[in-house]
Amino acid sequence: MGEHLAGLNSAQKEAATHTDGPLLIIAGAGAGKTKTITHRIVNLIKKGISPDKILAVTFTNKAAKEMRERIILEIEKNAKGQNSVPFVSTFHSLGVYIIKENAHELGLTKHFTILDESDSNRIVKEAIVEIGLDPKQYDPKKIKGIISREKGKFTQLLEFTERAEGGGGGFMSKIVAQVWNIYEKNKAKENALDFDDLLLKTVGLLKNNEGKRKMYQERWTHIHIDEYQDTNEVQYLMSRLLCGDNKNICVVGDADQNIYSWRGANLKNILSFEKDYPNAKIVTLEENYRSTKNILEAANEVIKKNKYRPDKNLFTKNDAGEKISLYEALDEADEADSVATKVLEILDNEANDISTGSLSVRARTALPLGSSACETPRQDTLASLSEPKSILSEVAILYRANFQSRVLEEAMLRYNIPHQVLGIKFFERKEIKDTLAYLRAALNPESLSDIKRIINFPKRGIGKATLVKIFAKDMESLPIKTKIKIDNFYKTLEEIKNKITTEKASDVIRFTVKKAGIESELLEGGEEEIERLENIKELATLALKYDNLPNGAGIERLLEDASLSSDQDSLMITDEKKDKKDAIKLMTVHASKGLEFKYVFVVGLEDGLFPHKRDGEIPEDKEEERRLFYVALTRAKEKLFLSFANYRTIFGSRQINAPSEFISDIPSDILEKDLPANAFGLRRWQAGGEKDIIF
């Protein structure tokens, strides 16, 4: 059947060799979906389809990068002699690409600004004030969220306004309609789009302009959509509009991993694929290559209780593996302490008891609460962690809600365990946003959001009243000294723009930091400011990968990638100098999707927390919580640890908890109760102080 298909199982081969017409690949967790898509694309190329006729779309830059690299590698191995490569991107990056090609037609310039969440919320807040309302009473984030959800449904402003004025949605809808109207006008003034616009504008163009639609349908004759279960209405429409009459569309997904309904993801898109494409071929990938039999049995038993799903049952040729551990904690501190000591035990086991001179994990004690790990390092722990560094990246602690990370991180600090809390973006650091704002403003001087952010950083003595006059184009009424300051500011932007078009991306960053005065400003500060400068230097290092792009394209791509980075794509706020591979990961279950780890801890399995209780809960909400737990279980390759706390303090109130119902769904013969770590004489911190408890 061909060398390029070697190593695929029968179901994967069936999907990879299907070349014409619609194809739905139902891919269970760990079933090799990326491998299957990659080999299908290579097979299309070997069948005579030009690589540049192939489009592959996924959700994160990380996933797109992995897919692109794997496709290129397979092309080099099995389809040599090609002069082009498939177009692989995220939905939002694809939107940017199409919008830039049609910017003039859409009333934009090529260098339009992509607003981040904070800038979008700021413009919404200004719109709320403009209509005479108090932003403290009418939350800008909430109103922006409503607008975002409506855009995700492909709702137009005019349509929403007419519905609101007709009484649909009540008083709040009328306010949202007014705010939305001003929000759109102010974005237009700034030559700016928000995240939702990147999809909305693209779909609007494809839907309303037949010539453009046919152009893109002819450009990409074979389309692949990854994580199809996570598409919202706009992404669904984009997929349908691009695939055209030939319907050469391949979608890959798993209804059991649909966990983003709160972002607008519509499970019906994947469940209705056969209805949308009546002649579609369906292939189910059920062989899991990731997890042990016990982990898969638990996952299968949990998810089969859901009704809204195609029938499938994951299986594996892997060993049965260890049983799933279950720990009943007294409270969240006990749970966190148990996780930390279990992590140390894992590290000791992996290191094969490095030396007889170091203490084993069972004899270690935590640092007193409130003390600094840096002040009193425990040499035994540090020594044991010095060798098995690679295993650190194979450990993940997953939780349902972000607030749970605090007590877990405190435990990691007490036990000197290298760790990383995922979820805070490198690109959201103030100093990084300031530097990028200079670059955006240089390319797009109409971006008032960026001008407002940087015109007084470094300090130039320009107040709010002056800003108002600048934005109103009323420069003549300003004092001479102020005019000179503003002229110098805009000259700086012009110089940066010239550098962008002539210099490498990394050199532009270095020039901007010096020319704008950011470097000298930060050098005059303390340690915190020096750290900020080091982060900007890290940005210049990051920019090196864009240096091969000519004529300003490097900075444009950097700005685009920074704007479109997701939680999983971004560099995290830890010590940027450290190798991030050498740390265990703490993250929400949502953030863990698409990842895998040898050891996985799922904490906080209590009724009301996981499954999470919502006001006005409907059956679909309960099913999504079950899917979320399924995702958590299937992140584990070899060992799974579950835990719950009898007491947990939430919003300052100590609550008594019942164990999650999900625990009872797991067959008892593959569950084992984990003995408390203090059964081995470990010090345990409790409300009454330090105690040695030995059973």
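Below, all heavy atoms of this structure are taken into account, side chains as well, without hydrogens, waters or symmetry copies.
Counted by atom type alone, N258 and Y308 present zero donor-acceptor pairs between their side chains at under 3.5 Å. Residues Y630 and N306 bring no donor and acceptor atom of their side chains to less than 3.5 Å of each other. Side-chain atoms of N294 and T292 include no donor-acceptor pair closer than 3.5 Å. For the residue pair S325/K673, the side-chain donor-acceptor check at 3.5 Å is not satisfied. Defined by atom type and a distance below 3.5 Å, a donor-acceptor pair is missing between the side-chain atoms of E606 and S660. No side-chain donor from either of K65 and T60 sits under 3.5 Å from a side-chain acceptor of the other. Looking at S120 and D194, their side chains never bring a donor and an acceptor atom within 3.5 Å of each other.
Smallest separation of non-hydrogen atoms from E297 and I670: OE1-CG2, 3.7 Å. Across every non-hydrogen atom of N232 and G264, the tightest pair is CB-O, 3.2 Å. Shown here for H590 and Y260, the closest heavy-atom pair between the two residues is O-OH, 3.0 Å. Of all non-hydrogen atoms in V252 and Q229, the two that sit nearest each other are O-OE1, 4.3 Å. Of all heavy-atom pairs spanning A636 and L640, the tightest one is CB-CD1, 3.9 Å. The heavy-atom pair separating K125 from P140 by the smallest distance is CB-CG, 3.8 Å.
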Checklist entry - After noting the C-alpha distance and the side-chain angles of D319 and K293, does the key distance pass the side chain to side chain contact (heavy atoms under 4.5 Å, CB included) rule? => result CA-CA 6 Å; D319 294 336; K293 284 186 173 72; 5.8 Å; no
Checklist entry - Could you go step by step and tell me if Y399 and L586 meet the side chain to side chain contact (heavy atoms under 4.5 Å, CB included) rule? => result CA-CA 8 Å; Y399 37 83; L586 284 73; 3.9 Å; yes
Checklist entry - Going through the distances and angles, do D139 and K144 end up as a salt bridge (Lys or Arg N to Asp or Glu O under 4.0 Å)? => result CA-CA 9 Å; D139 184 6; K144 173 60 175 62; over 6 Å; no
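Aromatic rings from F91 and F59 are positioned such that their centres are separated by under 6.0 Å.
With contacts defined as side-chain heavy-atom distances shorter than 4.5 Å, the pair V395/K585 does not qualify. Side-chain contact between L198 and L564 is present, with at least one heavy-atom pair separated by less than 4.5 Å. With contacts defined as side-chain heavy-atom distances shorter than 4.5 Å, the pair L595/M587 qualifies. Here the side chains of N269 and Q235 are not in contact, with every heavy-atom distance at 4.5 Å or above.
Of the candidates N300, T284, D256, D256 is the only one forming a side-chain hydrogen bond (donor to acceptor under 3.5 Å, both in side chains) with K312. Among D337, D674, D348, the single residue meeting the salt bridge (charged side-chain N to carboxylate O under 4.0 Å, His left out) criterion with K342 is D674.
Look at K33 and E227 and you find a salt bridge, because one of the NZ, NE, NH1 or NH2 atoms lies within 4.0 Å of a carboxylate O, short of that distance. Between R309 and D254 there is no salt bridge, since no side-chain nitrogen of the basic residue lies less than 4.0 Å from a carboxylate oxygen of the acidic one. Electrostatic pairing of E301 and K304 counts as a salt bridge here, judged by a charged N lying under 4.0 Å from a carboxylate O. By the 4.0 Å N-to-carboxylate-O rule, E625 lies too far from K622 to be salt-bridged with it. Ion pair E623/K305 not flagged as a salt bridge, since none of the NZ, NE, NH1 or NH2 atoms sits closer than 4.0 Å to an Asp/Glu carboxylate oxygen.
Relative orientation of the F662 and F629 rings is parallel, given thresholds of 30° and 60° on the angle between their planes. Between F195 and H92, the ring planes lie tilted relative to each other; the angle falls in the 30° to 60° range.
For the pair R635 and F597, the NZ or CZ position fails the cation-pi test of under 6.0 Å to the six-membered ring centre and within 45 degrees of the ring normal.
Surrounding CD of E274 are at most 12 heavy atoms belonging to other residues, nucleotides or ligands under 6.0 Å away. By the neighbour-count criterion of 12 heavy atoms within 6.0 Å, atom NZ of K142 is sparsely surrounded, having that number or fewer from other residues, nucleotides or ligands. Counted within 6.0 Å of CG on D134, heavy atoms from surrounding residues, nucleotides or ligands total more than 12; the atom is thus considered enclosed. Around the OH atom of Y138, the shell of radius 6.0 Å holds more than 12 heavy atoms that belong to other residues, nucleotides or ligands.
Within the 3.5 Å criterion, the main-chain N or O of S291 finds a donor-acceptor partner in the side chain of N318. In this structure a side-chain-to-backbone donor-acceptor pair under 3.5 Å is missing from N657 to D607. A distance-only check finds a donor-acceptor pair linking the side chain of K639 to the backbone of K323 [under 3.5 Å].
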